[in-house]
Amino acid sequence: MSCCLLDFGRVQELRQVREFLFPKHNSAGPEEEKTQAEEEEQQQSAPWLQDCGLSLSPCSDLLVIARERKAAFLSAKWRTDESGQEEMTLAVTWSGTLSNVCAHDVFRSSTGRPDWTCIVVGFSSGYVRFYTESGVLLLAQLLHEDPVLRLKCRTYEIPRHPGVTEQHEELSILYPAALVTIDGFSLFQSLRACRNQVAKAAAAGSDVIQPPPLAYKKWGLQDMDTITDHSSIGITTLSVFDQMKNASILGGFHASVKGSPPAMSQYITVGGGPYTGFYYAIEGSSQPLLSHVALAVASKLTSALFSAASGWLGWKSKNEEESVQKQKPKVEPATALPVRFGLPDSRRHGESICLSPCNTMAGVTDDFGRVTLLDVARGIAIRMWKGYRDAQLGWVQVSEARGERDLATSPSMPRRHAQFLVIYAPRRGILEVWGIQHGPRVGAFTVGKHCRLLYAGHRLMGVNSVTSQGWQIHTQQVCLFDPVNGALRAVTVPFHLALSDKKSERAKDMHLLKRLTTLLRSREVDEAQSVLLDIKHPAVKKQALESLLSNKTAPVSCLTNVTRALLASLKEQDPEAVDESLLQFCSSQLKLLQLYTDVQLLLLLSIQPSFSGIEEDLARVGPVLQRYKEMNSRPCVSFAQDSSGPLPVRTFLSQLEWYWCITNVIFVCISGSFLFWGCLSGQSPLQRVCETLQESGISPQQLLSLLLSVWLNKEKDVLKCPDAVSHLHTLLSTLSSMKGAVDESWDGQCVSPWWQQVRTACVQSESSAAALLAALVAHRVAKNAITRLAESKVCVCVSVSVELVQYVCNALSHSVQFQEWECVSLELEQWAVCIKQLEDVLALQTLLCLPSPQGSTGGAVTRCSVKTLLESGRGGAADCVSKLIFRQGVSPDLLRDILQRRGENEPTQQPAQQGGKEKLEELLECVCQRFPSSLSPDVIFAHCSWENVVQWNKDPEYLEWSVEFLKMISNPHIQLGVSAMMWQTFIVKWFSAAAFLMEKVGKAPKDRLCRRDVGMGDAAVRSFLGSCVQLLQALMEADSAVEEGPVSIVELTLDQRSVHYPLVQHHCVLASLLHATMTFSLRLKPLSLFDSKGKNAFFRDLSSIQLLPSGDMDPTLVAVRQEVSHSWVKVLAESEENGVKHSGAEDMWPAVCMELSSLLQVNTDILRRHLVCELYNQGLDLRAEEVMMEVQDKDVLGSQLLVLTGQRLSFSLLHSQSQTKPNMELLARLPPTLCTWLKAMDPSELRCPSVPLSQSSQLINKVIEMLPENHAQYSLALHLLEAVDSLHEEP
């Protein structure tokens, strides 16, 4: 209820902004570096912000900081702080260089609601430019050739009274000797059109069309020596008396008076000679000015140019626009406007002027350190403050809050408004708030000496009388920016501070409130009671009580006495005059204080051990709890504020208030610990604590919620305390017996809301062990209650008929005892289901808590609850397990072995003492038995495959395992759906990038290109393409194996349509080509091997029907394919010679080559003949003989091998360095035809010319077998055989 500064935002990256605007601070060498404390001290002492220009948008969501040629735009962002509350921060969204910034302003555009923000910047060249929040230039225009001094905006205000003139929006620009005004409505329409045009041009990638010039008015301000600032008051009209007075003074007795006073625009300037000047421009005396470009076509476009929303003019060509831009714009002359009157003071020079929100007063600062308050209508100074050198001004306008009584008595009366002048004196480091006109100082704050007072002086632009109805414009009027911590503080002033009546009760109450605050600061709490009782107003009294209760040093006894006395005084008053909210607040706080005192006394007493009788249930779940406890026994981080100690009373009160209002988990845990942890740990008597809590007035449901919150949030402490379960049993039994806990009409055959609250808390908690223990205890208590209820009903039946009871007792004596009966009810069935679910979740959470190996990826440990597991659907458990398997680095083979042994051996009930893999295997088998349907092998394989491909998309390394997991899926429906999802979601974009890269470079790309275009290295690309081939092959196999019948099992794969087999095969061909290119470093462009139909079909949805190539292909394209196949075959032969193995299968690639060649319509027999020749060329005769058996055209192959045999013999006889005499004699005996033929052979084509003669002899025999006797080269082959045999027989 007093003047205050409230933090509403914080500026981030302030140091980066300073370094950007002042680069000289970053030029210090290493020897000049300072410590962090010295740097912070320098930042506080250096007034760098005073050298910058600052502007804050009306909604406080954009801050502009500019200096010289640089500017930074900071936009608002919302984040959650450490306490869980939302906080607004301003972060840099754009920073850049602007030429010669002189002045700037920010206004918010609106079309009924806040839309976007425009930044107006004035330059020393006279230009005025408009920018968006991201620094995009919207509009620029040269209005005058002098530097821009000030920019001010006036927006629409709702008229407060019927007689007030409605003011229109306007942008005013001040030059040293001129004032330019632009109509706000036309400016708003033009800027909105510019923004739309820029967005369309950016989306289309085209050039931005130059917008038309703005219509403006220019006034030449005369009769003042210097002008430093101005204010545009708006349109004013004289009263009839003033009009007649002025007419008689100027025109004399016979002067004529017009029927209506003329409308005038009033402007006030400050500077020197005179100190302030008042200008009046009669409406209609000056026409809007346009540039010469618009005047050239004014005859055609006069109506369009002078309209409010001018739009875009499409009458200029691009060349004309360029020529116009190169020319210097023409500057229109200003209309002379003499000063009507002013405040003459030859020695005083005005520095700034700040207009009040209602346009009736203005504050002016000067070089003498004075602040002058002007009456705008009368043109006189009505007040002056001194001692405020370099002061910064702002205004706060507050509306009177109207109560229900005021609305009932006078609903049509307008609300009163009060105005306060805010003065910030930087040299004194003080911020003051003064009442206007002659009011006192109502607030003073000590702030830093380098702050900036930000006052926009306007609100949203684009608002009119229609769009402003029905909603309130939420804008900050004045705020203080502190550069030390980057805080933005709003100045808040209550309305009652404007009341000057000394007998006002509210003013007296505020004085007492200040006195109470002073007493609390001086720790004189004893006098606070009398001061509090003297306060009359209920709101101020409540505020005083809150201040007293939040005091750190006040003892509990004093707080209780003051609250009790205040409550008693309220009850003595007239019930109709007492504020109900204050009475309820005092009553609740008194009960909480008494509760705090009683519980604190009970903490000092001892407790007797109790027994719950659930030892059997604990023994059953003991092994699972022990295993979970071992997994969660690792040390964790603890904070000093969590340490055990006495809870302050003010913390207790605030936390319980938060619990009742917001239900915050942290506050619930702390308050509940104070109330119940002593009982659970065996330090307080259970029965007396529950009685005290019941007497405090807190409902049993709230106490139950507090108890469960403590139990579930202190899981580790609960597991360490062996008697905590029995204490919880006693507490639950006591709370359940309270009045209002369990409905009296509950019969056990319906669900009780009391026990449903316990089950809801357990199934929602992620503390699985604590939730299971709580459920077991609550189940036992509920079962006992149902048994007692059944016994009571049987006793009622006894009183009805004694004979019937005797008959029943006789029957029971022959069968079973009455105590052995078990009551079956819907409530117990609910508990049975809940406990079974909690046991399963505990086993799953134990598995998920396995520590990850060092260096593993995949994120933090997943925490689950029954609720989250049920909400996640059938795949929730499998998703958690797959993330764990990935995090543990379990290979596909190991996981398959674990799942194959599932069900063969029962999992051991003792905690595993083996290594990590054995413990994982044991826990995984246990969880799979508890979730037989959700964790079936196919489901686990599907989720593991998906998880691996998701992680591979983040870090390309795990795709091989993903494909291996996919191959292990036995159900073709699941395999088809998962593979189609993997391809379409992740792999196709990487695959297409690799294909386009190879198409561009025409060969296997190097590592640098792969990382740039694909995002992974060349080795990773090679492995990725191999995995793509395997994935597409698995996809085709799964599509072939799918039969008509039931749909897929896994829900995600149900939505996947059946794939188009030819399209998958088409992609598989491309994947194989890419894989071969990377493996063998082939030089080819993969996409060039396909026609236009084939290229268009790539990278489409595999389930779509695409137009694929069919029939005979173009012979030119087939020839290119054949050439590529020949080069591939040659590389295959060379790799076999070098003994290189690829992908672990030496014989895989020849078969792949032949299969692809067949799909590419290349004759495979030609390739096989080429492969045979290449193998013989390499000297691999045995391998060539194996391939030779598959060749069909033996005649052509025989002719090709005959040439190769001649090359070998030619090398042995003619080109060998060891030419012996027998060889020369043999050459002489050869037939002349054969000799000439051998000399024509070129042995240099052979890669392995020195082949044993025995292999050549076998080769020529094969050739003779393949050639028919009528072949033209058959006789030549016989001569070669004789020559080889003769050469072989020589010693």
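Since we're looking at a predicted model, the values are computed, not measured.
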Residues passing the salt bridge (Lys or Arg N to Asp or Glu O under 4.0 Å) test with R340, sequence neighbours excluded, are none

query: Can you find a pair of side-chain heavy atoms, one from L49 and one from F481, that are under 4.5 Å apart?
result: yes

Residues 386-395 vs salt bridge (Lys or Arg N to Asp or Glu O under 4.0 Å), sequence neighbours excluded, gives D390-R427

Contacts of D229 meeting salt bridge (Lys or Arg N to Asp or Glu O under 4.0 Å) (sequence neighbours excluded), chain-then-number -> R150, K152

Sorted by chain and residue number, the ring pair (Phe, Tyr, Trp, His ring centres under 6.0 Å) partners of F341 (sequence neighbours excluded) come out as F278

task: Using a 4.5 Å cut-off on heavy atoms from C-beta on, say whether the side chain of T117 contacts that of F73.
output: no

For E170, the salt bridge (Lys or Arg N to Asp or Glu O under 4.0 Å) test, sequence neighbours excluded, returns R154

Between E351 and T228, the two heavy atoms sitting closest are O-OG1, 3.5 Å

In short, C451 meets Q50 closest at the heavy-atom pair O-NE2, 3.0 Å

Under 3.5 Å, is there a donor-acceptor pair between the side chain of R459 and the main chain of C59?
no

task = Taking the side chain as every heavy atom from C-beta outward, state whether P274 and M224 have any atom pair closer than 4.5 Å.
result = yes

- Task: Evaluate the side-chain proximity of L373 to I436: yes if any heavy-atom separation is below 4.5 Å, no if none is.
- Result: yes

Please confirm whether the backbone N or O of H417 pairs with a side-chain atom of S399, one donor and one acceptor, at under 3.5 Å? no

Report task. Could you walk me through whether T269 and H230 pass the side-chain hydrogen bond (donor to acceptor under 3.5 Å, both in side chains) test, one step at a time? Result -> CA-CA 4 Å; T269 60; H230 78 289; over 6 Å; no

Q.
Is the shortest side-chain heavy-atom distance between T492 and V398 below 4.5 Å?
A. no

* Give a yes or no answer on whether the side chain of T226 reaches the backbone of G272 with a donor-acceptor pair at less than 3.5 Å. => yes

Less than 4.5 Å apart, side chain to side chain, heavy atoms only: is that true for L393 and V422? no

Check: Are the side chain of R383 and the backbone N or O of G439 linked by a donor-acceptor pair below 3.5 Å?
Finding: yes

**Asked** How about L179 and I227: do any of their side-chain heavy atoms sit closer than 4.5 Å?
**Response** no

Output for pair (H168 NE2, I235 CD1), nearest 0.5 Å, gives 5.5 Å

- request: Report yes or no: does R441 contribute a side-chain atom to a donor-acceptor pair with the main-chain N or O of E432 at less than 3.5 Å?
  value: no

Exercise for the section: Indicate yes or no for a side-chain donor-acceptor contact from D375 to the backbone of G379 under 3.5 Å, with no hydrogens or angles considered. Expected result: no

Any donor-acceptor N/O pair, D242 side chain to L238 backbone, under 3.5 Å
no

>> Has S186 got a side-chain atom pairing as donor or acceptor with D183's backbone, closer than 3.5 angstrom?
In response: yes

Correct closest heavy-atom pair for Y388 and R428 would be CE2-NH1, 3.5 Å

Side chains of Y267 and Y280: closer than 4.5 Å at any heavy-atom pair? no

Working note: T365 + S352, criterion side-chain hydrogen bond (donor to acceptor under 3.5 Å, both in side chains); need CA distance, chi angles, decisive distance, verdict. CA-CA 5 Å; T365 62; S352 65; 2.6 Å; yes

Per side chain to side chain contact (heavy atoms under 4.5 Å, CB included), L54 is matched among L454, L453, V64 by L454

Sorted by chain and residue number, the salt bridge (Lys or Arg N to Asp or Glu O under 4.0 Å) partners of R452 (sequence neighbours excluded) come out as none

